[in-house]
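Below is one structure, written out as structure tokens; the observations come after it.
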2 protein chains.
Amino acid sequence: MYKIDEVAQKTKLTKRALRYYEELGLVSPSGRTEGGYRMYTDADVEQILHIIDMRDLLGASLAEIKEMVELGRLYEEQREFYNKHYKNRDLDGPELLERIEMLQKLEDTLTPQRDFLQTKIARMQELLADFDNKLERIVSKRTELTEEFKGVNNC
Amino acid sequence: MYKIDEVAQKTKLTKRALRYYEELGLVSPSGRTEGGYRMYTDADVEQILHIIDMRDLLGASLAEIKEMVELGRLYEEQREFYNKHYKNRDLDGPELLERIEMLQKLEDTLTPQRDFLQTKIARMQELLADFDNKLERIVSKRTELTEEFKGVNNC
DNA sequence: CAAAACTATTACGTTTACGTTAATGTTATC
DNA sequence: GATAACATTAACGTAAACGTAATAGTTTTG
């Protein structure tokens, strides 16, 4: 269990940002000390790092991230409930249907995100190619001029 | 030549954003009408689209984008000057050196950006793989449950 | 056990990237 | 040539994502 400053160092966020994310409902520390100090687990840190990824890689706003996080929680919750009941007896129709609809909803939410990510990657690869072309031209020009410079100065 | 509203539609920016970017020194329309209306060329539109790419793909702030744009302009400027003088006579040492240093500076600026882009792409591909895994699990589970549902309802 | 170091909450402040009027001038249209 | 329909600048407003005190309580350390 880590307290806030350690987590701030691990995640490269500020303590303020951590409290802010908690205020928005993105991540809460798994515990508190008697005196009220936030205590984070490794899993908490993992989730924070995941949030940072979504922010930096998907370019999602904190509000959008919150939606995703909440959907994930809803899913986990339902799955726990499902697993608990599935062990002992068969589900009846309505319960099965509810679970199927949940999975469908998750799928419908994740698929466009996946596609968005994919096209973004493709465009970034194009941009990378542009960078590489430009850099290649610059480097070859620079070596060319360096040679010329040596010629002028009789090296 | 397009006026602002047409450019706004082409670039999916608002007119306000276009004026704001101009105010920051990111892009200026190539011309104005007698009465002061902004007139953009195709090249202007291209540059705006490029700016949007840097914003969305690199996640750069407008201030950072401004720096890149300015460096690019400085480079173009020097290259024009260079080409004009290179045509007629040989450059002497100092001029060559200045040009070489400019190319070096460009290279030093672009290389970390390229690397940043590359590692970002790699991490996004990991994230994409995660998405795909998750989706695959969800879909297979959903079809499994759908079959089960059919069984319960004797279809 | 007292000082030093850390943390909590509250609340106001700041920066970025525009949105939104308002007042006025310009082009296009009928 | 009037009147929409669009444009300009100027200025104030705003949402997101924190920063920065201020005040007060908590842990740690010598």
Side-chain angles (χ1 to χ4, degrees), chain A residues 1-42 44-45 47-70 113 116, chain B residues 1-42 44-45 47-70 113 116:
Chain A
M1 302 279 266
Y2 317 106
K3 39 186 174 172
I4 198 166
D5 196 54
E6 213 168 342
V7 176
Q9 287 176 34
K10 281 177 192 288
T11 61
K12 291 285 189 174
L13 290 179
T14 64
K15 293 187 278 186
R16 176 64 171 104
L18 284 169
R19 296 197 190 98
Y20 180 59
Y21 287 9
E22 183 181 347
E23 189 184 329
L24 293 186
L26 294 184
V27 268
S28 298
S30 291
R32 294 264 185 156
T33 68
E34 186 67 21
Y37 280 25
R38 274 163 253 257
M39 298 302 287
Y40 297 84
T41 65
D42 280 309
D44 293 337
V45 174
Q47 204 191 340
I48 293 167
L49 291 174
H50 187 221
I51 286 173
I52 295 173
D53 273 350
M54 292 165 99
R55 194 192 60 181
D56 293 348
L57 301 181
L58 289 181
S61 70
L62 298 184
E64 289 166 336
I65 292 174
K66 187 187 176 183
E67 283 185 42
M68 304 187 212
V69 167
E70 276 175 351
Q113 284 175 26
F116 174 73
Chain B
M1 303 279 267
Y2 317 106
K3 39 187 173 172
I4 197 166
D5 196 55
E6 213 168 344
V7 176
Q9 288 177 33
K10 281 177 193 287
T11 61
K12 291 283 189 176
L13 291 179
T14 64
K15 294 188 277 184
R16 176 65 171 103
L18 285 169
R19 295 197 191 100
Y20 180 60
Y21 287 9
E22 183 180 347
E23 188 184 328
L24 293 186
L26 293 183
V27 269
S28 297
S30 292
R32 294 264 183 155
T33 67
E34 186 67 20
Y37 280 27
R38 273 163 256 256
M39 296 304 286
Y40 298 84
T41 66
D42 280 309
D44 293 336
V45 174
Q47 204 190 341
I48 293 168
L49 292 174
H50 187 221
I51 286 173
I52 294 172
D53 275 349
M54 292 165 100
R55 192 192 61 181
D56 293 347
L57 301 180
L58 289 179
S61 69
L62 298 185
E64 289 166 335
I65 292 174
K66 187 188 176 181
E67 282 185 42
M68 304 187 213
V69 168
E70 277 175 349
Q113 284 177 24
F116 174 72

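The sequence lines fix the lettering, A, B, ..., with proteins before strands; numbering per chain opens at 1. Any value given below was found using the heavy atoms of this structure, including those in side chains, with hydrogens, waters and symmetry copies removed.
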*asked:* Tell me the interatomic distance from B:Asp5, atom CG, to D:dA5, atom P, rounded to whole angstroms.
replied: 14 Å

*asked:* I need the minimum non-hydrogen distance between B:Ile51 and B:Ile65, along with the two atoms involved.
replied: O-CD1, 3.8 Å

*For the pair made of CD in B:Gln9 and C1' in D:dC6, what is the distance, rounded to whole Å?*
12 Å

*Measure the distance from CD on B:Glu23 to C1' on C:dT16 and round it to the nearest whole Å.*
13 Å

*asked:* Rounded to whole Å, please give me the gap between CG in B:Leu13 and C1' in C:dG19.
replied: 14 Å

*Just how far, in rounded Å, is C1' of D:dC6 from CE of B:Met39?*
12 Å

_side-chain hydrogen bond (donor to acceptor under 3.5 Å, both in side chains) between A:Tyr21 and A:Arg55, worked out_ = CA-CA 12 Å; A:Tyr21 287 9; A:Arg55 194 192 60 181; 3.1 Å; yes

*Counting just side-chain N and O atoms, does B:Arg16 come under 4.0 Å of either OP1 or OP2 of C:dA17?*
no

*OP1 or OP2 of C:dT16 less than 4.0 angstrom from a side-chain nitrogen or oxygen of B:Tyr20, does that happen here?*
no

*Can you find a pair of side-chain heavy atoms, one from B:Gln47 and one from B:Val69, that are under 4.5 Å apart?*
yes

_pair B:Ile48-B:Tyr40: side-chain heavy atoms closer than 4.5 Å_ = yes

_Classify B:Leu24 by what it touches in the nucleic acid, base, sugar-phosphate, or nothing, heavy-atom distance under 4.0 Å._
nothing

_Taking the minimum atom-to-atom distance to the side chain of A:Glu34, which one of D:dT27, D:dT8, C:dT27 wins?_
D:dT27

_Which nucleotide in C:dC18, C:dT7, D:dA7 has an atom nearest any side-chain atom of A:Lys15_ = C:dT7

*Using a cut-off of strictly less than 4.0 Å, decide whether B:Arg32 has a side-chain nitrogen or oxygen near OP1 or OP2 of C:dG25.*
no

*Six-ring centre of A:Tyr2, A:Lys10 cation under 6.0 angstrom, axis tolerance 45°*: yes

*If a pair satisfies salt bridge (charged side-chain N to carboxylate O under 4.0 Å, His left out) and one of its residues is in residues 58-68 of chain A, list it, with sequence neighbours excluded.*
A:Lys66-A:Glu70

*Any idea which of D:dG19, C:dA28, D:dT28 is nearest the B:Lys3 side chain?*
C:dA28

*Which listed nucleotide (C:dG25, C:dT7, D:dT8) is nearest to the side chain of B:Tyr37?*
C:dG25

Quiz: residues 24-36 of chain A side-chain donor-acceptor pairs under 3.5 angstrom, not counting sequence neighbours:
{"unit_1": "A:Ser30", "atom_1": "OG", "unit_2": "A:Asp44", "atom_2": "OD1", "d": "3.0"}
{"unit_1": "A:Ser30", "atom_1": "OG", "unit_2": "A:Asp44", "atom_2": "OD2", "d": "2.9"}
{"unit_1": "A:Arg32", "atom_1": "NH1", "unit_2": "A:Gly36", "atom_2": "O", "d": "2.9"}
{"unit_1": "A:Arg32", "atom_1": "NH2", "unit_2": "A:Glu22", "atom_2": "OE2", "d": "3.3"}
{"unit_1": "A:Thr33", "atom_1": "OG1", "unit_2": "A:Gly35", "atom_2": "N", "d": "3.3"}
{"unit_1": "A:Thr33", "atom_1": "OG1", "unit_2": "A:Gly36", "atom_2": "N", "d": "3.3"}
{"unit_1": "A:Thr33", "atom_1": "OG1", "unit_2": "A:Tyr37", "atom_2": "N", "d": "2.9"}

*asked:* Heavy-atom nearest nucleotide on DNA chain C for B:Ala17 versus A:Arg38: which residue maps closer to 5'?
replied: A:Arg38

*Answer yes or no: does a side-chain N or O of B:Arg19 lie under 4.0 Å from OP1 or OP2 of D:dT8?*
yes

*Nearest-nucleotide wise, let me know which of B:Gly36 and A:Thr33 is further upstream toward the 5' end of DNA chain D.*
B:Gly36

_Let's see if you get this right: which residues in residues 52-65 of chain B place a heavy atom under 4.0 Å from DNA chain C?_
B:Arg55, B:Ser61, B:Leu62

